[in-house]
J.: 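Handing you a structure now.
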Amino acid sequence: MVPTVPFPRRPSGADDPSDTIRRWYENELDWPTVPGPPVELPTGRRFDVLDVPAEAGYAAMRHLGPASPVSMWGGRMRLFVAAGSADELPGLLDWLEWGGIPLDLGAIGAGGRVVAPLPPGLARARGRRTREGAERAERAERAEGAEGAEGATSAEGTAHGIKDRGDRGGTGGTDPSDREGRGPCREDRGAGRDGAGAPLIRRAYGPQGAAVWLRPPVPGREVEPSLPTLSALGGGGGGAPDLVRLVDTMAAECHRIRLRRSCAQPLAFS
């Protein structure tokens, strides 16, 4: 393992939210960051990153150690692996007989960068504010819909009353059947499935579109021993997770996802 020199600690007096994120990485983890917003992490120094669909990533997480960092970016999972793994990936896929097969499996290595996931505490706080804002908007929309429905019911009641008095000479009201289905529409959210009935993928807290940690790195602990490495094959990685098993599982899952999507598409002549 190449020894690393701790980076100078940043002062904690800045008000910019990006400074809070940057301080966490540089002060708490001793990880370098790329200057300028948004906060980004350079790859190829302390780690590389494998980028796969979240479904494939979840299937492969059993090959990781408990401290192996994993992040989410939308519907994709980013698994942090040993530096140099990105260069090894094409040859490893060939050796595993996945070479030449289109796979939605990417690698980011030396010279690359990834958006820094939100630190765990900040992600929960922002996610909570996002959910509270969405709930307020939903309540306002329902209230507006209820007022509109009440006005429509009142107008229809008046019209029915006039019609009833004309037909029967009495005081009429709205038909109970006319009240059915009135009021704000409610979305059928289902139990863990999307609108098409497919299982939903669980995601970490955080505002939509932001990178967030699913398994954050532990401050004060070196990250390298927890990263999957090619040298772990045959037990030579000092207890580090095996990159070969990880890549093989993700490749199989990516291939399965591609076949499932191909079968779901209508034929060109149909």
J.: Identify the residue among Val49, Val70, Leu64, Leu50 that makes a side chain to side chain contact (heavy atoms under 4.5 Å, CB included) with Phe80.
T.: Val49

J.: Looking at Arg22 and Val34, would you say the former's side chain and the latter's main chain have a donor-acceptor pair under 3.5 Å?
T.: yes

J.: Would you please test Leu96 and Val244 for side-chain contact (heavy atoms from CB on, under 4.5 Å) and show each step?
T.: CA-CA 8 Å; Leu96 292 169; Val244 176; 4.0 Å; yes

J.: First locate atom CG of Leu105, then atom SG of Cys254, and finally report the distance between them rounded to the nearest 0.5 Å.
T.: 5.0 Å

J.: Please determine whether a side-chain nitrogen of the Lys or Arg among Glu222 and Arg46 lies less than 4.0 Å from a carboxylate oxygen of the Asp or Glu.
T.: yes

J.: Hey, does His255 have a side-chain heavy atom less than 4.5 Å from the side chain of Ile101?
T.: yes

J.: How close do Pro69 and Leu227 get, heavy atom to heavy atom, and via which atoms?
T.: CD-CD2, 3.9 Å

J.: Please find the pair of heavy atoms, one from Gly65 and one from Arg215, that lie closest to each other, and give the distance.
T.: O-NH1, 2.9 Å

J.: Report yes if the side chains of Val81 and Thr229 come closer than 4.5 Å at any heavy-atom pair, otherwise no.
T.: no

J.: Using atom types as modelled and distance alone, determine if a side-chain donor or acceptor of Arg62 lies under 3.5 Å from a backbone N or O of Ala59.
T.: yes

J.: What is the distance from atom OG of Ser85 to atom CG of Leu92, rounded to the nearest 0.5 Å?
T.: 9.0 Å

J.: Output the distance between atom CG (Leu243) and atom OG (Ser231), rounded to the nearest 0.5 Å.
T.: 9.0 Å

J.: With sequence neighbours left out, write down each residue that passes side-chain hydrogen bond (donor to acceptor under 3.5 Å, both in side chains) with Asp248, or none if nothing qualifies.
T.: Trp98

J.: Donor-acceptor check, side chain of Arg113 to backbone of Thr33, threshold 3.5 angstrom: yes or no?
T.: no

J.: For Ala110, does its backbone N or O pair with a side-chain atom of Thr43 as donor and acceptor, under 3.5 Å?
T.: no

J.: Quick check: closest heavy atoms across Ala83 and Arg45, and the distance to 0.1 Å?
T.: CB-O, 3.7 Å

J.: Can you check whether Pro241 reaches His63 side chain to side chain, under 4.5 Å on heavy atoms?
T.: no

J.: Given side chains that start at C-beta, do those of Trp24 and Pro120 come closer than 4.5 Å, heavy atoms only?
T.: yes

J.: What about Val218 and Met61, same hydrophobic cluster or not, with Ile/Leu/Val/Met/Phe/Trp/Tyr joined at side-chain heavy-atom distances under 4.5 Å?
T.: no

J.: Using side-chain heavy atoms (C-beta onward) and a distance below 4.5 Å, is Ile257 in contact with Asp104?
T.: no

J.: Any side-chain heavy atom of Asp19 within less than 4.5 Å of one from Arg23?
T.: yes

J.: For the pair Leu246 and Leu79, evaluate side-chain contact (heavy atoms from CB on, under 4.5 Å) and give the outcome as yes or no after the intermediate values.
T.: CA-CA 10 Å; Leu246 180 72; Leu79 299 93; 4.0 Å; yes

J.: Using modelled atom types and a 3.5 Å cut-off, is there a donor and acceptor pairing between side-chain atoms of Ser68 and backbone atoms of Ser226?
T.: yes

J.: Taking atom CG of Leu89 and atom CD1 of Ile108, what is their separation to the nearest 0.5 Å?
T.: 11.5 Å

J.: Quick check: do Pro53 and Met77 have side-chain heavy atoms less than 4.5 Å from each other?
T.: no

J.: About how many Å separate CH2 of Trp73 and CG of Leu214, when rounded to the nearest 0.5 Å?
T.: 15.5 Å

J.: Does Ala86 offer a backbone N or O that forms a donor-acceptor pair with the side chain of Asp48 under 3.5 Å?
T.: yes

J.: Salt-bridged, Arg260 to Glu253, with N to O below 4.0 Å?
T.: no

J.: Are the side chains of Leu41 and Phe47 in touch, meaning some heavy atoms are under 4.5 Å apart?
T.: yes

J.: Would you find more than 12 non-hydrogen atoms of other residues, nucleotides or ligands less than 6.0 Å from Arg76 atom CZ?
T.: yes

J.: Relative to each other, are the rings of Trp213 and Trp31 parallel, tilted or perpendicular (30° and 60° limits)?
T.: perpendicular

